[in-house]
There are 2 protein chains.
Amino acid sequence: MQSGESNPLREKLNREMRSGLYALFILKAVEELGDTYGYEIVKYIEERSGGRIKLRDATVYPILRYFTKRRVLESYWTEPDVGLPRKYYRLTPDGRRFLKELFEDYRDLKSVAERILEGDGR
Amino acid sequence: MQSGESNPLREKLNREMRSGLYALFILKAVEELGDTYGYEIVKYIEERSGGRIKLRDATVYPILRYFTKRRVLESYWTEPDVGLPRKYYRLTPDGRRFLKELFEDYRDLKSVAERILEGDGR
DNA sequence: CGGACTGCATAACGCTGTTAGGTATATAAC
DNA sequence: GTTATATACCTAACAGCGTTATGCAGTCCG
């Protein structure tokens with residue numbers, strides 16, 4: 001994208017690698033930002049990744065609703081005097097624990113991937 | 001699985017995180033093993049990951065064919081005097097270059113994930 | 001008044017891995 | 001001899017995901 005890539009197969013596999021981390025990125029963003037909303041999450045991840053991860057809103061909003069349904073997040077609407085209504089999200093206590101577990105899994109996967117791909121630990 | 005996990009949501013997100021790396025794991029296995037075949041790839045990855053990554057054959061064989069169609073891999077059958085016929089795969093020259101690129105992308109994603117999740121580099 | 005940015009939502013689509021089968025040989029256990 | 005396990009490959013049906021495309025709507029700038 002920013003580098004002159006144009007290999008469709010490479011881009012496809014890149015998307016696949018990234019997409020598995022979206023849910024974790026979003027939860028982490030909510031943890032970092034405190035009470036926050038979809039659009040801000042997208043911007044936060046984009047900025048944090050140096051512009052390398054650009055989530056679509058059609059990716060983020062369903063994930064937020066999905067987590068809300070499962071009590072990982074909770075949400076509420078605000079009606080500001082000026083501007084559009086916003087739907088805010090924050091981690092529930094269960095969600096906080098869940099994010100910790102998921103983060104451990106991520107670390108574990110990282111070490112497994114390093115073993116397979118970079119020959120560490122053997 | 002081996003640890004007493006039984007949180008379906010956690011398992012689902014774990015699967016998603018892992019699945020994005022399958023193609024890369026398989027290509028890396030072919031690079032490491034030289035001429036090799038599906039069953040051996042599954043065992044190699046399982047052993048290399050300390051039993052944490054167990055690919056299904058129904059996952060691996062379609063991926064091998066997919067890469068073969070795109071000239072990343074090439075394949076040939078062997079008819080041993082004893083045992084079952086095997087379909088061997090190896091990297092093509094293009095495939096070798098492609099794997100290098102993909103490996104760079106993986107390293108890049110890893111660093112981006114660390115920036116977002118572990119607060120490195122900021 | 002038009003464009004860019006903000007802010008949320010849903011439907012249709014394509015692509016993946018999973019699940020669940022099928023076929024087949026070799027070997028060890030009972 | 002028959003069952004179980006390991007080896008070795010394949011395909012079809014399904015569920016789930018992100019992408020694409022589209023809609024609505026307020027704010028701000030030129």
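What you are looking at is a predicted structure, and each value in this text was computed from that prediction instead of being measured.
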>> Tell me every residue that passes ring-ring contact (aromatic ring centres under 6.0 Å, His included) with Y106(B), counting only those two or more places apart in sequence or in another chain.
In response: F103(B)

> Which pairs with one or both residues in residues 57-74 of chain A pass salt bridge (charged side-chain N to carboxylate O under 4.0 Å, His left out), sequence neighbours excluded?
Replying inline: E74(A)-R90(A)

> In whole angstrom, what separates E16(B)'s CD from dT18(C)'s P?
Replying inline: 11 Å

> Rounded to whole angstroms, how far apart are CD on E79(A) and P on dA25(D)?
Replying inline: 14 Å

>> How many whole angstroms separate atom CZ of R15(A) from atom P of dG18(D)?
In response: 12 Å

>> Enumerate the ring pair (Phe, Tyr, Trp, His ring centres under 6.0 Å) contacts for residues 77-96 of chain A, please, sequence neighbours excluded, ordered by first and then second residue.
In response: Y37(A)-Y88(A), Y76(A)-Y88(A)

>> Rounded to whole Å, how long is the line connecting atom CZ of R56(A) with atom P of dG23(D)?
In response: 18 Å

>> Rounding to an integer number of Å, can you tell me how far L13(A) CG sits from dC15(C) P?
In response: 13 Å

>> I'd like to check L9(B) versus V72(A) (side-chain heavy atoms, cut-off strictly below 4.5 Å). Are they in contact?
In response: yes

>> For T59(B), give me all partners under side-chain contact (heavy atoms from CB on, under 4.5 Å), at least two apart in sequence or on another chain.
In response: Y22(B), R56(B), I63(B)

>> For a quick check, with a 4.0 angstrom heavy-atom cut-off, what is the B/S/- contact string for nucleotides 7-14 of chain D, read 5' to 3'?
In response: BSBBB---

> Restricting to pairs with a member in residues 20-30 of chain A, which pass salt bridge (charged side-chain N to carboxylate O under 4.0 Å, His left out), not counting sequence neighbours?
Replying inline: K28(A)-E31(A), K28(A)-E32(A)

>> Nearest whole Å is fine: how far is dG16(D) C1' from R18(B) CZ?
In response: 16 Å

>> In this structure, how many angstroms lie between the P atom of dT19(C) and the CD atom of E11(B), rounded?
In response: 11 Å

> How long is the line joining CG of L55(B) and P of dT19(C), in whole Å?
Replying inline: 13 Å

> Would you say dG17(C) has OP1 or OP2 under 4.0 Å from some side-chain N or O of Y66(B)?
Replying inline: no

